[in-house]
Novice: 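Supplied in C-alpha cells, the structure appears directly below.
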Amino acid sequence: MRLVLVGPPGAGKGTQAQLIASHLLVPKISTGDIFRKNVAEGTPLGREAKRYMDAGDLVPDEVTIGMVRDRLAAEDVRDGFLLDGFPRTVPQAEALDALLAEMGTSLSVVLELVVDDDEVVRRLSGRRTCSDCGHIWHVTYDPPTLDGVCDLCGGKLFQREDDREETIRHRLEVYYDQTAPLIDYYAARGILEGIDAMGPVEEVTARAVAALRHWR
Ligand code: ADP
Ligand code: AMP
C-alpha cells in the first residue's frame, strides 16, 4: 500500500504514522524527521532547512522534492510506504505523482486526519519528543512516567523549537494556505479518505485501520 497522511500540524500524523506503518508492514517516511536528523547532524541540507523550520515555514519545494526522490529510490519502499508530512504543497503532490508514474505506480490512498484548531494548539504545546528513539509524548495526553525521560529507551525528551505558541499559530496559517488545497487535489482524484482524529490515540488508530480496509 502507498499511503499519504495529511492534516494540520499536531493532528497526530507522526503518532499514527508509526502505528499504521507497523500495522501495514510498510516503512514510514517523515520529511520532518529527515530534516530534523539533518539539522542535528549539521549537514548542508540541515543548515538550509533549519531557518525555515524554526520560523514555522515550509522548506522550499525543490529541496524537499529532491530529498523525497532520493528516499523513494531505496529498495525498502518497493512494496509500499507511508508518507508523513509530504506532500505539503500542490507542486509537491504533482512531483510525487510524476515520480510514482516514472516508477510505474501510483498512490493507493490519502488519509486526512481531521481535528479542530484548539486541539492542535493543545497537542503541539504539550508535545515532547525523544532525542534518541524519536517517540512522541505529550505532557498531559500521554505523559512519560519520569518527567523528561523516554519510557521506551531512557532518552532525554525535548520540546521542538517550532512548538512555541506564536510559531504554532503561524504553522496553522501555512497549513491552511499551502497544504489544505491538497484535500481538493486528492478528492478530485478519488483517493481521499477523511477520518475524525479527535479522541484518544487508540480510537483514532482503529478508525484509520477500518477506513484503510476499503483501499487494500
Ligand atoms: P503531527 O505529526 O501531526 O504534527 P504528532 O503525532 O506529533 O502530530 O502529535 C502532536 C502531539 O499530540 C504529540 O504530543 C502527541 O503525543 C499528541 N497526540 C497525538 N495524537 C493524539 C490524540 N489522539 N489525543 C491526544 N493527543 C494526541
Ligand atoms: P513536521 O515534523 O512534519 O511537523 O515538519 C516540521 C517542519 O519541517 C515543517 O514545519 C517544515 O518547515 C519542514 N517540512 C517537513 N515536511 C515538509 C514538506 N513536505 N515541505 C516543506 N517543508 C517541510
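Every number for a ligand or one of its atoms is a count from 1 in the order of the listing.
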Novice: Distance only, no hydrogens: is a donor on one side chain within 3.5 Å (strictly under) of an acceptor on the other, for D57 and H170?
Specialist: yes
Novice: Do V110 and L192 touch side chain to side chain, with heavy atoms closer than 4.5 Å?
Specialist: yes
Novice: Between L82, I34, D76, which is the residue that forms a side chain to side chain contact (heavy atoms under 4.5 Å, CB included) with I29?
Specialist: I34
Novice: Can you list every protein residue that has a heavy atom under 4.0 Å from any atom of ligand 1, sorted by chain and residue number?
Specialist: P8, P9, G10, A11, G12, K13, G14, T15, R123, R127, I136, W137, H138, Y141, G199, P200, V201, V204
Novice: Is there a side-chain contact between R160 and R127, using heavy atoms and a 4.5 Å cut-off?
Specialist: yes
Novice: Relative to Y175, does R171 satisfy both conditions: NZ or CZ under 6.0 angstrom from the six-membered ring centre, and within 45 degrees of the ring's axis?
Specialist: no
Novice: For N38 and T43, which I'm curious about, is there any donor-acceptor pair between the side chains at under 3.5 Å?
Specialist: yes
Novice: For the residue pair Y141 and T15, establish whether any side-chain heavy-atom pair is separated by less than 4.5 Å.
Specialist: no
Novice: What's the spacing between E112 CD and I183 CD1 if we round to 0.5 Å?
Specialist: 3.5 Å
Novice: Using heavy atoms and a cut-off under 4.0 Å, could you grab the residues that are in contact with ligand 2, chain by chain, numbers ascending?
Specialist: T31, G32, F35, R36, M53, D57, L58, V59, T64, G85, F86, R88, Q92, R160, D162, R171
Novice: Side-chain contact test, heavy atoms from C-beta onward, threshold under 4.5 Å: evaluate it for V121 versus R169 and give yes or no.
Specialist: yes
